[in-house]
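Everything below concerns the one structure shown next.
Reckoned from all heavy atoms, side chains included, excluding hydrogens, waters and symmetry mates.
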Amino acid sequence: MSIESDVKSNIDQVMEELAAAAARAGRKESEIRLMAVTKTKSSEYVEAAYKAGSRLFGENRVNELAEKFSSFYPDGEVHLIGHLQRNKAKEAVKYASSIDSVDKFDTAAAINR
């Protein structure tokens, strides 16, 4: 199997599980979003996930965020989900739609700048 077919198959399976879980919980499937976390995966996997319909991505490291998402699709949303050091805030805001892992006021201030 190819990377594209493997990724699509995995995403389809998870989406089926999410739909079933939403039904059990009495929630609408549309209320739940799947984040494709790309930590340790190559750009080829990111592209395959995008082609399979993923639009929400999570990356753990700023340098990988820049590498994988510097020329990303305009309808893609990328979250930095790993620890962010203050000195990397400027780079992170270039590519991330959201930074979900701020743990210090100084880091938040650097993001704001």
Check: So does K94 pair up with E91, basic N to acidic O under 4.0 Å?
Finding: yes

Item checked: Same cluster (ILVMFWY, side-chain, under 4.5 Å), V46 and Y73 -> yes

Note to self: So, taking the atom named CG in N112 and the one named CZ in F105, what distance separates them when rounded to the nearest 0.5 Å?
What the structure shows: 8.5 Å

Check: Strictly by modelled atom types, are D6 and Y45 linked by a side-chain donor-acceptor pair under 3.5 Å?
Finding: no

Spell out, as yes or no, whether a donor-acceptor pair under 3.5 Å connects the side chain of [X] to the backbone of [Y].
{"X": "K39", "Y": "G82", "answer": "no"}
{"X": "S70", "Y": "A66", "answer": "yes"}
{"X": "S97", "Y": "V78", "answer": "yes"}
{"X": "E31", "Y": "K28", "answer": "yes"}

Margin query: Counting only heavy atoms not in R55 (residues, nucleotides, ligands), do more than 12 fall under 6.0 Å from its CZ?
Written below: yes

Check: For atom CD of E17, is the number of surrounding heavy atoms from other residues, nucleotides or ligands below 6.0 Å larger than 12?
Finding: yes

Margin query: Between D103 and H83, does the side-chain contact (heavy atoms from CB on, under 4.5 Å) criterion hold? Intermediate values first, please.
Written below: CA-CA 8 Å; D103 63 349; H83 177 75; 3.3 Å; yes

Margin query: Tell me if the centroids of the rings in F72 and Y95 come within less than 6.0 Å of each other.
Written below: no

Next item on the list: In sequence, state the C-alpha distance, the side-chain angles, and the governing distance for M35 and I81, and then conclude on side-chain contact (heavy atoms from CB on, under 4.5 Å).
Entry: CA-CA 11 Å; M35 178 182 285; I81 58 173; 4.0 Å; yes

Next item on the list: Go through the steps for L34 and M15 under the test side-chain contact (heavy atoms from CB on, under 4.5 Å), then give the verdict.
Entry: CA-CA 8 Å; L34 175 65; M15 291 305 293; 3.7 Å; yes

Margin query: I need the single residue from E64, E59, R61 that forms a side-chain hydrogen bond (donor to acceptor under 3.5 Å, both in side chains) with T38. Which is it?
Written below: E59

